[in-house]
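The block underneath contains the structure these notes are about, expressed in structure tokens.
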Amino acid sequence: MPLSLLRFGWASLLGRGHPEPRMFTAYDKLPATADVVIVGAGGHGLAAAYYLARDHGINDVVVLEKGYLGGGNTGRNTTIIRSNYLTPEGVRFYDESVRLWQDLAQDFDLNLFYSTRGHYTLAHTDAALRTMRLRAEVNKHYGVASEVVDARDVQRALPMMDITCAGHAPVLGALYHAPGAIARHDAVAWGYGRGADARGVQIHQKTEVLGVECEDAQGARRVRAVVTNRGRIETRKVLCAVAGSTPRLLDMVGLRSPLVIHPLQAMVSEPVKPWLDPIIVSGSLHVYVSQTARGELVMGASLDPYELHLTRSTFDFVEGLSAHMLELFPFLSDVKVVRQWAGMADMTPDFAPIMGKTAVDGFYLDAGWGTWGFKATPVCGKTMSATVAQDRNHPLIEAFSLDRFANFELTGEKGAASVGH
Ligand code: FAD
Ligand code: PYC
């Protein structure tokens, strides 16, 4: 029996509580002021805090989280990491993220279970195959390993798959992306949180931001303070990284965006023997699946088809997704689904994120991450921390500014969205 378990049992017997060291410092009250306040302790907010402290020497940072650390979309996602996007801006951005992922476990001294698997996006129609070819060409141009493979290659790599899809949607080919990977989502939040905490960043859980005070200064509006259920913090800089709650935060500073919130559901099976190495996505069948190191199948589909600010799950989803899974993998019919959940996806019209400075001085936005933001956690932390520290948009995020919608300069990434929407 490990020594720590014995110590825990012994201390509990003596009524001394839990002797384990905590990963984060618990603070009794909020500070009155901070150089930077970050709203949202998901991966994005915590990564920005970490790099602000580590790379920019800004340690007077407070992260406010209304629930618990990593309890938003970060702890609910299906952890697919890839850079096989469609636009040059997207490919460069996500490729930098995949590069950053490689050193992260070492940086944190924490096992993130990062596992490179290869990623197949199946094409069931000629139109889908054309999009795959375009993506492969753009990817290769920017040094990202993606190639179109034919149906025989898919069958060789995935002998367990019925590539006829029960005869009604045969696989014609696929986009194969060798760097496609999965990782452990909770550990990513813990690693960034622990690293930020060790550098003096204060993380306050169960602390909800209820308002953002602004003032007029030389004809511009600028941030003055945030108001929470536990008090007020004066600050000149607020980074908003609240995913599905972004419209509420934008209301607080009088900004508008085209974001709409849709539930995105997922489910997981009981553990089964390892049989699926790569990650499989079929946009046409609305299904994607990977197998974890523990043997569970992690499965998802497209968004719920209506706007809803809730994380409820539905039986419809399990039924529909199971039917599509069985079209691809009929031998799974006896495997049990053990859990399902949902997150709130903040969707943009062009399927690209919204990042950077806004019309309110000192209010920075990291949002619009919809169904695709987990993989971007490291690069978002890097680019948003630089943007906040220098009060200038990092060059890698220029295509993602909020004003692109008003200027009709969209960054059309829909063709690279993971699942059909
Ligand atoms: P979050 O992790 O949601 O963090 C935001 C935090 O802000 C939350 O903890 C919330 O409680 C807090 N908050 C909100 N309002 C307030 C307030 N007023 N005051 C204080 N705190 C507040 N992406 C991929 O790349 N690959 C995938 O395979 C993938 N699969 C997904 C599957 C599902 C089912 C879902 C739902 C999403 C998936 N995504 C995927 C998308 C990805 O999960 C998100 O884009 C990403 O996690 C966003 O991280 P975040 O830190 O911005 O947001
Ligand atoms: O962004 O690759 C992705 C993804 C897969 C499932 C949900 N998002």
Side-chain angles (χ1 to χ4, degrees), residues 37-48 63-85 94 97-98 119 121 177 180-183 185-186 188-189 192 204-212 226-230 238-249 251-252 261-268 279-281 283 286-290 298-304 309 311 313 317 340-347 351 353 355 365-377 380-381 384 413 416-421:
V37 170
I38 297 176
V39 192
H44 287 220
L46 293 167
V63 182
L64 303 175
E65 168 55 51
K66 75 175 176 187
Y68 61 93
L69 185 147
N73 288 350
T74 297
R76 294 161 188 269
N77 84 92
T78 46
T79 83
I80 294 172
I81 297 165
R82 60 188 175 91
S83 55
N84 56 356
Y85 275 77
Y94 293 103
S97 209
V98 170
H119 180 286
T121 314
H177 176 56
I182 51 175
H185 46 20
D186 302 316
V188 175
Y192 275 122
H204 291 265
Q205 303 184 76
K206 294 190 187 157
T207 307
E208 180 168 7
V209 171
L210 302 173
V212 180
V226 296
V227 180
T228 81
N229 58 333
R230 293 177 57 224
V238 173
L239 167 58
C240 173
V242 297
S245 300
T246 305
R248 286 164 201 237
L249 265 289
D251 270 356
M252 295 177 194
I261 311 300
H262 287 245
L264 180 66
Q265 304 195 50
M267 68 186 197
V268 70
I279 303 154
I280 311 296
V281 178
H286 302 298
V287 46
Y288 66 89
V289 57
S290 69
V298 178
M299 297 164 274
S302 43
L303 294 165
D304 287 2
H309 296 230
T311 55
S313 301
F317 165 80
Q340 69 176 121
W341 65 90
M344 295 196 301
D346 41 335
M347 300 298 296
F351 291 65
M355 297 179 74
L365 197 54
D366 175 71
W369 282 109
T371 69
W372 50 85
F374 176 70
K375 68 181 75 61
T377 305
C380 286
M384 286 312 300
E413 209 56 276
S418 42
V419 277
H421 293 299

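Just so you know, ligand 1 is whichever comes first in the structure, and atom 1 is the first atom listed for that ligand.
Here Phe374 has no heavy atoms under 4.0 Å from ligand 2, in either its backbone or its side chain. Looking at Thr78 against ligand 2, only its side chain comes within 4.0 Å, counting heavy atoms. Contacts between Thr228 and ligand 1 below 4.0 angstrom, taking non-hydrogen atoms only, are absent altogether. Under 4.0 Å from ligand 1, heavy atoms of Phe374 appear from its side chain as well as its backbone.
Shortest contact from atom 30 (N) of ligand 1 to any protein heavy atom: Thr78 OG1, 2.8 Å. Scanning all protein heavy atoms for the shortest distance to atom 53 (O) of ligand 1 gives Ala243 CB, 3.3 Å. With hydrogens left out, the protein atom closest to atom 21 (N) of ligand 1 is Lys66 N, 3.0 Å, a heavy atom. Scanning all protein heavy atoms for the shortest distance to atom 31 (C) of ligand 1 gives Asn77 CB, 3.3 Å. At the shortest separation from atom 3 (O) of ligand 1 among protein heavy atoms lies Asn73 N, 2.8 Å. Among protein heavy atoms, atom 11 (O) of ligand 1 sits closest to Glu65 OE2, 2.6 Å. With hydrogens left out, the protein atom closest to atom 13 (N) of ligand 1 is Val242 CG1, 3.8 Å, a heavy atom. Protein heavy atom in closest approach to atom 18 (N) of ligand 1: Val209 O, 3.1 Å.
Residue Lys375 has at least one nitrogen or oxygen atom sitting less than 3.5 Å from a nitrogen or oxygen atom of ligand 1, judged on distance alone. Below 3.5 Å of separation, one finds an N or O of Ile80 facing an N or O of ligand 1. Not one N or O of His119 is nearer than 3.5 Å to an N or O of ligand 2, by distance alone. Where the criterion is an N or O separation shorter than 3.5 Å, residue side chain and backbone included, Gly45 fails it with respect to ligand 1. Remark: ligand 1 and Gln265 share no N or O pair separated by less than 3.5 Å (distance only, no angle test). Considering both main-chain and side-chain atoms, Trp369 comes within under 3.5 Å of ligand 1 through a nitrogen or oxygen pair. Checked against a 3.5 angstrom limit, the closest N/O atoms of Arg82 and ligand 2 fall inside it.
A distance-only check finds a donor-acceptor pair linking the side chain of Asp346 to the backbone of Gly370 [under 3.5 Å]. No donor-acceptor pair closer than 3.5 Å links the side chain of Trp341 to the backbone N or O of Gln265. Side-chain atoms of Ser97 come within 3.5 Å of backbone atoms of Lys375 as a donor-acceptor pair (strictly under, hydrogens ignored). Although no hydrogens or angles enter the test, the distance criterion places a donor-acceptor pair under 3.5 Å between the side chain of His44 and the main chain of Gly373. A donor-acceptor pair is defined here as one N or O able to donate and one able to accept, closer than 3.5 Å; no such pair exists between the side chain of His177 and the backbone of His119. Without hydrogens or angle criteria, Asn229 side chain to Leu210 main chain gives no donor-acceptor distance under 3.5 Å. When atom types are taken as modelled, the side chain of Arg76 and the backbone of Ala342 share a donor-acceptor pair closer than 3.5 angstrom. Side-chain atoms of Glu65 do not come within 3.5 Å of backbone N or O of Gln205 as any donor-acceptor pair. Here the side chain of Thr79 pairs a donor or acceptor atom with the backbone of Ala183 at under 3.5 angstrom.
Annotation for ligand 2: atoms under 4.0 Å from non-hydrogen atoms of Trp372 are 1 (O). Atoms of ligand 2 found under 4.0 Å from any heavy atom of Thr371, numbered from 1 in the order shown, are 1 (O), 4 (C), 7 (C), 8 (N). Near Gly370, meaning under 4.0 Å from one of its heavy atoms, ligand 1 places the atoms 41 (C), 45 (O). Interface atoms of ligand 1 facing Leu64, defined by a heavy-atom separation under 4.0 Å, are 20 (C), 21 (N). If you number the atoms of ligand 1 from 1 as listed, the ones under 4.0 Å from a heavy atom of Ser245 come out as 14 (C), 15 (N). Under a 4.0 Å criterion applied to the non-hydrogen atoms of Gly42, ligand 1 contributes the atoms 2 (O), 4 (O), 51 (O). For ligand 1, the atoms sitting less than 4.0 Å from at least one non-hydrogen atom of Arg76 are 33 (C), 34 (C), numbered in the order shown with element in parentheses. Short contacts between ligand 1 and Gly40, defined as distances under 4.0 Å to a heavy atom of the residue, involve ligand atoms 6 (C), 7 (O), 12 (C). Every atom of ligand 2 with a heavy atom of Lys375 under 4.0 Å away is listed here by number and element: 1 (O), 2 (O), 3 (C). Close contacts between ligand 2 and Ile80 involve ligand atoms 2 (O), 5 (C) [criterion: under 4.0 Å to a heavy atom].
Looking at Leu264, Val63, Leu210, Thr377, it is Leu264 that brings a heavy atom closest to atom 35 (C) of ligand 1.
Residue Thr207 comes nearest to Arg230 through the heavy atom pair OG1-NH1, 2.8 Å, listed as atom of the first residue, atom of the second, then distance. For the residue pair Tyr192 and Ala47, the shortest heavy atom distance occurs at CD2-CA, 3.6 Å. Contact detail for Asp186 and Gly75: the closest heavy-atom pair is OD1-CA, 4.1 Å. The shortest non-hydrogen separation linking Ala41 to Leu46 is O-CD1, 3.6 Å. In terms of heavy-atom proximity, Ala243 sits nearest to Asn73 at CB-ND2, 3.9 Å. A pairwise comparison of heavy atoms in Phe317 and Ala301 identifies CE1-CB, 3.8 Å as the closest pair.
Residue-ligand proximity: Leu249 is placed with a non-hydrogen atom under 4.0 Å from ligand 1. Ligand 1 lies less than 4.0 angstrom from a heavy atom belonging to Thr207. Contact analysis leaves Ala345 out of contact with ligand 1, as no non-hydrogen atom separation drops below 4.0 angstrom. Judged by the shortest distance from any of its heavy atoms, Ala367 lies outside the 4.0 Å radius around the atoms of ligand 1. The shortest separation from a heavy atom of Ala241 to ligand 1 is under 4.0 Å, placing the residue in contact.
Aromatic ring pairs are classed by plane angle as parallel below 30°, tilted from 30° to 60° and perpendicular above 60°; the pair Tyr94 and Tyr85 is parallel.
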Worksheet item: For Tyr288 and Thr78, what are the C-alpha separation, side-chain angles and deciding distance, and is it a side-chain contact (heavy atoms from CB on, under 4.5 Å)?
Response: CA-CA 9 Å; Tyr288 66 89; Thr78 46; 2.8 Å; yes
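In this structure, the side chains of Val226 and Val238 come closer than 4.5 Å at one or more pairs of heavy atoms. Lys206 places none of its side-chain heavy atoms less than 4.5 Å from the side chain of Tyr68.
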